[in-house]
Participant: 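I am attaching a structure below and will ask some questions about it afterwards.
Atoms within a ligand are numbered from 1 in the order they appear, just like the ligands themselves.
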Amino acid sequence: MDPVLLLLFFSSASALAATLGMIPLGGAGETPLRWIGWANALAAGLMLGNGMVLAEAGLSYSALEGAAGALVGIGFVYWTHQVSGTAELELSQLGSTPPEYGYKVLLVGALHAASEGVAMGVAMLHSVPLGVWIALTMGLHNIPEGTVLGAVLRSNNVSRGHTALLLVVTNVGQVFLAITVYAVVSAAPVLFPLAVGFAVGALIFLALAEQLPESYEQAGATGIALVSSIAMGIVVLLGGGAL
Ligand SMILES: [Zn+2]
């Protein structure tokens, strides 16, 4: 199948997968905080693992340009946190929160997903097996991220239908960026090392800055370290086969 169609199919399925994160949420009652911590740790571990797999792929092109791209990726995430006023925002406050908290959490989620779309696009440019692997694991990681965002929305009495819709809409940027990056970098291949570096920097920085700090407070250091390390290790071991 054409790589663009594959990318469209897998990135769309990935966005839809976020709704599966609502399964453990059950009713409108609050979700136990340690579940949120573990979901954050699982998502962060999968992102760190994919960042490492992509770093290995990028190193075979140009390490220097890849490193420059990684700095741009980190700078982009940092800058978006600053301008949106979400740098120090706790992303999984449960219970009734002010309306502006809800829109900021959705904004962070949308920007987060957009950077992950870049990772999907560059992976498919490297090879079809890597593109499919990154899209599949990103879809898997959208499930625990859906649990975290879904828990915040449900604890503010957002209906199940609206929560599911918001989870998909938040991840539409993944589809858009995956295909845009694939198209633009296909037309200008000189950008590839920078783009793969961007994805690596953004994925690792997002996991370290957004997800892991909160998860340690939610579920304790040992459990979080184990969940994120095991998830990362499995992705690195299996993802290496797709390179
Ligand atoms: Zn993520």
Participant: Anything under 30° is parallel, anything over 60° is perpendicular, the rest tilted; go ahead and classify Phe76 against Phe198.
Facilitator: tilted
Participant: Under the 3.5 angstrom rule, does the side chain of His141 hit a backbone N or O of Met138 as a donor-acceptor pair?
Facilitator: yes
Participant: Kindly indicate whether the side chain of Val53, heavy atoms from C-beta on, has any atom under 4.5 Å from the side chain of Leu130.
Facilitator: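 In contact.
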Participant: How about Met47 and Glu210: do any of their side-chain heavy atoms sit closer than 4.5 Å?
Facilitator: no
Participant: Testing the 3.5 Å rule here: is there a donor-acceptor pair between the side chains of Gln174 and Asn142?
Facilitator: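 There is such a pair (donor and acceptor under 3.5 Å, judged by atom type) between the side chains of Gln174 and Asn142.
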Participant: Could you check whether the rings of Tyr78 and Phe205 sit parallel, tilted or perpendicular, using 30° and 60° as the cut-offs?
Facilitator: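 Geometry flag for Phe205 against Tyr78: perpendicular rings.
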Participant: What are the protein N/O/S atoms, named by residue and atom, that sit under 2.8 Å from the Zn ion (ligand 1)?
Facilitator: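 Within the sphere that stays under 2.8 Å of the Zn ion (ligand 1), the protein atoms of type N, O or S are Met47 SD, His112 NE2, Glu116 OE2, His141 NE2, Glu145 OE2.
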